[in-house]
There are 2 protein chains.
Amino acid sequence: MSSPRPLRADAARNRQSLLAAAADEFAERGLDASVADIARRAGVGKGTVFRHFATKDDLLAAIVIDRIDTLNTVGEKLLGAADPGAALLEFLTVAAHQRQQRDLSFLQEAGDLSPEVVRVRAHMFDIVHRLVDRARDYGVVRADVTGADVILLMCAPNYVASYVPDAPPDLWRRYLAIIFDGLRPQSAHPLPHPPPSVL
Amino acid sequence: MSSPRPLRADAARNRQSLLAAAADEFAERGLDASVADIARRAGVGKGTVFRHFATKDDLLAAIVIDRIDTLNTVGEKLLGAADPGAALLEFLTVAAHQRQQRDLSFLQEAGDLSPEVVRVRAHMFDIVHRLVDRARDYGVVRADVTGADVILLMCAPNYVASYVPDAPPDLWRRYLAIIFDGLRPQSAHPLPHPPPSVL
DNA sequence: CCATAAGCGGACCGAGCGGTCATGTTATCG
DNA sequence: CGATAACATGACCGCTCGGTCCGCTTATGG
């Protein structure tokens, strides 16, 4: 599984610099941040980027996989929490907090996503489904909402907040709260469209 | 105000073809649809695009202005509706229905937006604020939600629905309903962040 | 300390973009 | 109908992008 030869010391350092720089750059300028800018920010040459990541998408995938993985770890723990409603809200908070400023839209760009991304993403989807099921049984999520709905709504708070020019960094919390209130049974009105089957 | 010379017949035809083609192309491929593709779709040369619209952004602006304008007309009428709650929901439905498939994100790209866009957008913002105020007084929108909140949340349903690969064209209605339920007083929990002041 | 392989850098490439322009075409009107 | 101004066209320009490649540097193990 692990590579037979460990990385050289400087190579390992550069790899970390690159991941950090890329995460920042993607966060600030969206997914069309240029590889050259990322390299400059990391203090390395452009060639070095492609030595570590065969393609720009691979670099993005590495970041995304890391984020989803830590999110999954949080999710697994929350599956055992005492209050399933608070657990779901906490999970969504961590998720939104993680991809700060800009959505990395790792769900998009269908077709050309690596098997590894597909794997961790599927794992995350499963966790969300179970968190939602528990919260629904517990009575804090309305009966007609599915895990797929929550997965889709998960990125909305960051997206919405990104529209205000100099947004305070926690503005997304406000919209997460509003959307979460929409998931509760108390205000539930009949939904005009069935949930999506896939995801 | 109006141009002194009317357009020649063929020029007027091409202009309409271009607007329609651009609207379709932007809807399908987002705002990085190429001018060349738009021209091909409209059945004209690339140079013709720039004869009618000095820049790609101007073309986008023309579409956006038209859409916001018709939305504003609907909004004005709804300001006099009997049921302010239904009026607000109807407005949001029309808004979401209009920018089908993809968000044109006319709020973004701050800085380089034409004065005309700023004008009609400001008008729309005013209408939303009044619709929300009326709905709040009527008791169908929670006390701690502002017009700015609704403006920001307005594009979310389309955004959310755009993530599912082969989404049914009306899926956004489901998420508009959920988000709208989040705006109702029945499920309101305290919001963790103040509303944005601008907009 | 040296030999060597791993790693690095940045000039370079082809593709695609928004936008321009000289040349050819056509609607319009006296 | 003919003169002319308005219009259309697509080759072309400059630019930026993701990705390549080869000559140079440097960490590493014996």
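Values reported hereafter were calculated over all heavy atoms of this structure, with side chains retained and with hydrogens, waters and symmetry mates removed.
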Query - Nucleotide nearest A/S34 (side chain, heavy atoms from C-beta), chosen from D/dG10, C/dC8, D/dC17 - result: D/dC17
Please state how far atom [atom1] in [X] lies from atom [atom2] in [N], giving the value in whole angstrom units.
{"X": "B/F53", "N": "C/dG18", "atom1": "CZ", "atom2": "P", "result": "15 Å"}
{"X": "B/R13", "N": "C/dT26", "atom1": "CZ", "atom2": "C1'", "result": "11 Å"}
{"X": "B/F50", "N": "C/dC17", "atom1": "CZ", "atom2": "C1'", "result": "9 Å"}

Does [X] have a side-chain nitrogen or oxygen under 4.0 Å from the phosphate oxygens OP1 or OP2 of [N]?
{"X": "B/H52", "N": "D/dA8", "result": "yes"}
{"X": "A/T55", "N": "D/dG18", "result": "no"}
{"X": "A/N14", "N": "C/dG7", "result": "no"}

Requested in this report: Could you tell me whether the side chain of A/H129 and the main chain of A/F125 form a donor-acceptor pair under 3.5 Å?
Outcome: yes
**Report entry** Toward the 5' end of DNA chain C, by each residue's nearest nucleotide, B/A9 or B/A36
**Finding:** B/A36
Polar atom pairs (N or O), protein with nucleotides 1-6 of chain D, under 3.5 Å:
| residue | atom | partner | partner atom | Å |
| --- | --- | --- | --- | --- |
| D/dA6 | N3 | B/R8 | NH1 | 2.7 |

Would you kindly say whether [X] and [Y] are connected by a side-chain donor-acceptor distance under 3.5 Å?
{"X": "B/H123", "Y": "B/E76", "result": "yes"}
{"X": "A/E25", "Y": "A/S34", "result": "no"}
{"X": "A/Y175", "Y": "A/N158", "result": "no"}

Requested in this report: In sequence, state the C-alpha distance, the side-chain angles, and the governing distance for B/R173 and B/D170, and then conclude on salt bridge (charged side-chain N to carboxylate O under 4.0 Å, His left out).
Outcome: CA-CA 6 Å; B/R173 293 183 188 271; B/D170 276 0; 3.3 Å; yes
Requested in this report: Please tell me if the side chains of B/R136 and B/V145 come closer than 4.5 Å, counting only heavy atoms from C-beta onward.
Outcome: no
Within the structure shown, what part of the strands sits under 4.0 Å from [X] by heavy-atom distance: base, sugar-phosphate, or nothing?
{"X": "B/A42", "value": "nothing"}
{"X": "B/A39", "value": "nothing"}
{"X": "B/T48", "value": "base"}
{"X": "A/K56", "value": "sugar-phosphate"}
{"X": "A/V44", "value": "sugar-phosphate"}

Requested in this report: Start with the C-alpha distance between A/R130 and A/D126, add both sets of side-chain angles, then the distance that settles salt bridge (charged side-chain N to carboxylate O under 4.0 Å, His left out), and finish with yes or no.
Outcome: CA-CA 6 Å; A/R130 280 148 69 194; A/D126 180 59; 2.8 Å; yes
